[in-house]
Protein chains: 2
Amino acid sequence: MRVLKAMEQTNFLPNAMARNLAKNKSYLLGVMIPDVKNTVLDDLINGINHVSELYGYNTMLSLTSGMLENELHYFKKFREIQADGIILASEYLKEDLVENIKQTNIPCILVGRDRSDTIPSVHIDNITAAYEAVTYLIQQGHRKIGMLRLRNEDIASGYQRYQGYAKALTEAGITINRDWVIECGVSVEDGMIAMRRICAATDIPTAIFCATDRIAIGAMNYLFERGLSVPSDVSIYGFDGIDMSSIIRPKLSTVKYSAREIGMTAARNLIKLIKGETMTPRHWVLPHYLENRESVRLLK
Amino acid sequence: MRVLKAMEQTNFLPNAMARNLAKNKSYLLGVMIPDVKNTVLDDLINGINHVSELYGYNTMLSLTSGMLENELHYFKKFREIQADGIILASEYLKEDLVENIKQTNIPCILVGRDRSDTIPSVHIDNITAAYEAVTYLIQQGHRKIGMLRLRNEDIASGYQRYQGYAKALTEAGITINRDWVIECGVSVEDGMIAMRRICAATDIPTAIFCATDRIAIGAMNYLFERGLSVPSDVSIYGFDGIDMSSIIRPKLSTVKYSAREIGMTAARNLIKLIKGETMTPRHWVLPHYLENRESVRLLK
DNA sequence: CAAATCTAGGAAAACGCTTTCCTTAATTTA
DNA sequence: TAAATTAAGGAAAGCGTTTTCCTAGATTTG
């Protein structure tokens, strides 16, 4: 008792390593994301950090570049360092990792996608969101609608956004023109390249739905360089609602949602899981909405 | 010996906490940055992570919002968790923290700024860079040159960039017009607001040097909304060379440097320090260069 | 072949805490 | 006041490693 007092008065700092070893608890949350740079993930991190800090947890960030080998590597590292739980933003989610997770049964939450099985998750409804965006395009009178989709079908959100696109077209009785759906990387430059491919065709679409805002910005950029105008010549629809989307001209119409909220929800529930509480629902799907701005034209 | 073999064959994972306690070494690098979102810091993180991974270190990222109390808080946390070293990107660097660092003599590297005393650092020469940019503006025929500078003089890089601006003007025999140097936050919106203040004057400058690209983008955005054209009506010069600077139209002229390189250099040298090797030089100043693009007009 | 050298493996101590157990002192109860 | 209950502080064990030290056996040397 008075020993404790004395400790406080001296500037005594407990050794967290020793404490964690004794308590068999690390107060560490592992966070795996593909990259800090390219997407909406900075908001995600912000959200995660915010609530983990609130609950006295530390976070350890690992950048996987989306590669399975890195994911496996860091998963092992997190276990070595006795992380209490893991938040996993994995676009490509290979069975190897899933197996690892199931076997070790370390608390783990999937973020940005859903496997609708044993691994809990928090994400948005990409299919519906994309469906709504493309339906909006159709309502504005567009029928020649292309898509700049993500390259790999393994990328869950990318594929789901394509599914939503396809569903909207199909429902409207429009057949998909294969020349207008282009696979594309995640950078702005990739968007430019993909847009060029679309423009190479004789018949070009009046509207393009893009899998991400960065791609959309790249596409707009290419159109500008080519002397085509958005939205007069081509309408563009983005996805993610990054802050640049409202800065560029014309302002980009896009699907918005809060990555920060996703991060906060994930961290909150991961900590629940760690404490042995139950997480309900096991799969959170957070809201999205259409932010319709200037990059889409009404076709009479 | 054969016990070790057996351990390897079973999928045995050593407990890093126990190892670290025994070895009195954590293989953890603490990283403090103001924010992931707002600047060039994502590249920094990338660089740091890259080399720390190379050397078998883990990094722990803390977001300080640039606030002293948070910096102090995380500094303490890093010590508790026995971090082997700390990389500190602190814009406002208060004496409190400096004292802490000196007293604990935990290996620590300052990033993005310089205190030219006991704490080693890696950064760029902000004064010279700003001087060169503004001199370029002058060479292009501008004499009415404003600046959107950062709000707080405590922000080292911000203040240094202002110093460079002032030096260039003074050398050219131009007196600084107080109405044209506006203090400004770090977001794109802040840039818009600051630009509006400049435009409120009767006489507006022909060129604006901005402390960061984000501010510059905000300024351009405001000018666009106001129906003024860049660079015909106002020339804009940015700082940082973020990727968006080459995407927006007109392409932004800006001071470029590699934040990733800064991060890598910092991590490399921190690890040296940890190993007890000497760091030479104690203060690295990394290169910058002018990326002159479209946002500056030649005044006849 | 005996003595000296080397080697491998086991035992024990240490890292700095938490937790459990025990002793002694303080407080309460009849 | 003696017995019973409570409180508080000290001692010891344990967490899973590394490191140091020691012993018994194998190998080399004269």
Side-chain angles (χ1 to χ4, degrees), chain A residues 1-30 52-53 55-60 62 72-86 100-101 103-108 270-271 273-277, chain B residues 1-30 52-60 62 72-86 100-101 103-108 270-277:
Chain A
M1 210 74 270
R2 70 185 54 147
V3 180
L4 292 183
K5 296 277 176 193
M7 281 179 159
E8 275 177 24
Q9 296 188 357
T10 331
N11 44 6
F12 165 83
L13 258 197
N15 181 327
M17 290 272 162
R19 185 200 311 134
N20 298 344
L21 180 61
K23 298 188 73 161
N24 191 28
K25 183 139 177 33
S26 66
Y27 291 95
L28 261 181
L29 265 31
S52 61
E53 172 68 18
Y55 286 88
Y57 281 80
N58 290 100
T59 62
M60 210 156 122
S62 291
L72 255 22
H73 171 78
Y74 285 118
F75 186 76
K76 202 170 141 189
K77 268 214 157 162
F78 285 156
R79 293 211 303 136
E80 272 189 31
I81 212 161
Q82 311 297 110
D84 290 340
I86 294 179
N100 261 289
I101 295 170
Q103 282 173 19
T104 58
N105 75 322
I106 179 175
C108 181
L270 180 59
I271 292 170
L273 247 30
I274 290 171
K275 288 183 178 167
E277 301 170 24
Chain B
M1 208 77 273
R2 72 185 55 150
V3 179
L4 293 181
K5 295 279 175 193
M7 279 179 159
E8 274 178 24
Q9 297 190 356
T10 329
N11 44 6
F12 165 83
L13 257 196
N15 180 328
M17 290 274 160
R19 186 201 310 134
N20 298 343
L21 179 61
K23 299 189 72 163
N24 191 29
K25 185 143 180 20
S26 66
Y27 292 94
L28 261 180
L29 265 32
S52 61
E53 171 68 17
L54 230 54
Y55 287 88
Y57 281 78
N58 291 102
T59 65
M60 213 157 116
S62 289
L72 255 22
H73 170 78
Y74 285 119
F75 185 77
K76 201 170 142 192
K77 268 216 156 159
F78 284 157
R79 293 212 301 134
E80 273 188 29
I81 212 162
Q82 311 297 109
D84 290 339
I86 294 179
N100 261 289
I101 295 170
Q103 282 172 19
T104 58
N105 78 322
I106 178 176
C108 181
L270 181 59
I271 291 170
K272 273 193 174 186
L273 248 31
I274 291 171
K275 289 183 178 166
E277 302 170 22

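Throughout, protein chains are lettered first and strands after them, A, B, ... in sequence-line order, and every chain is numbered starting at 1.
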Discussion item. Working note: A:Leu270 + A:Tyr57, criterion side-chain contact (heavy atoms from CB on, under 4.5 Å); need CA distance, chi angles, decisive distance, verdict.
Written reply: CA-CA 11 Å; A:Leu270 180 59; A:Tyr57 281 80; over 6 Å; no

Practice prompt. Applying side chain to side chain contact (heavy atoms under 4.5 Å, CB included), name anything that partners A:Lys23, two or more places apart in sequence or on another chain.
Written response: A:Arg19, A:Lys25, A:Tyr27

Worksheet item: To the nearest Å, how far apart are A:Met17 CE and D:dG14 P?
Response: 24 Å

Discussion item. How close do A:Leu21 and B:Ala18 get, counting heavy atoms only, and between which atoms?
Written reply: CD1-CB, 3.8 Å

Discussion item. Could you tell me how far apart A:Gln82 (CD) and C:dT18 (C1') are, to the nearest whole angstrom?
Written reply: 16 Å

Discussion item. Taking the side chain as everything from C-beta on, heavy atoms only, tell me whether A:Leu29 gets closer than 4.5 Å to A:Ile274.
Written reply: yes

Discussion item. Rounded to whole Å, please give me the gap between CD1 in A:Ile81 and C1' in D:dC15.
Written reply: 17 Å

Worksheet, complete the sentence: For B:Gln103, the side chain to side chain contact (heavy atoms under 4.5 Å, CB included) test, sequence neighbours excluded, returns B:Glu99

Response to the item:
Per the under-4.0 Å heavy-atom filter, residues of residues 19-29 of chain B near DNA chain C come out as B:Leu21, B:Ala22

Practice prompt. State, to the nearest 10°, the angle formed by the axis through the first five base pairs of the helix from C:dC1-D:dG30 to C:dA30-D:dT1 and the axis through its last five.
Written response: 40°

Worksheet item: Is B:Asp84 reaching over with its side chain to a backbone N or O of B:Ser26, donor-acceptor style, under 3.5 angstrom?
Response: yes

Item to complete: Just jot down the side chain to side chain contact (heavy atoms under 4.5 Å, CB included) partners of A:Ala22, sequence neighbours excluded, or say none.
Response: none

List the atom pairs, donor and acceptor, that lie under 3.5 Å between side-chain atoms in residues 74-83 of chain B and the rest of the protein, sequence neighbours left out.
from: B:Tyr74; atom 1: OH; to: A:Glu53; atom 2: OE1; distance (Å): 3.1

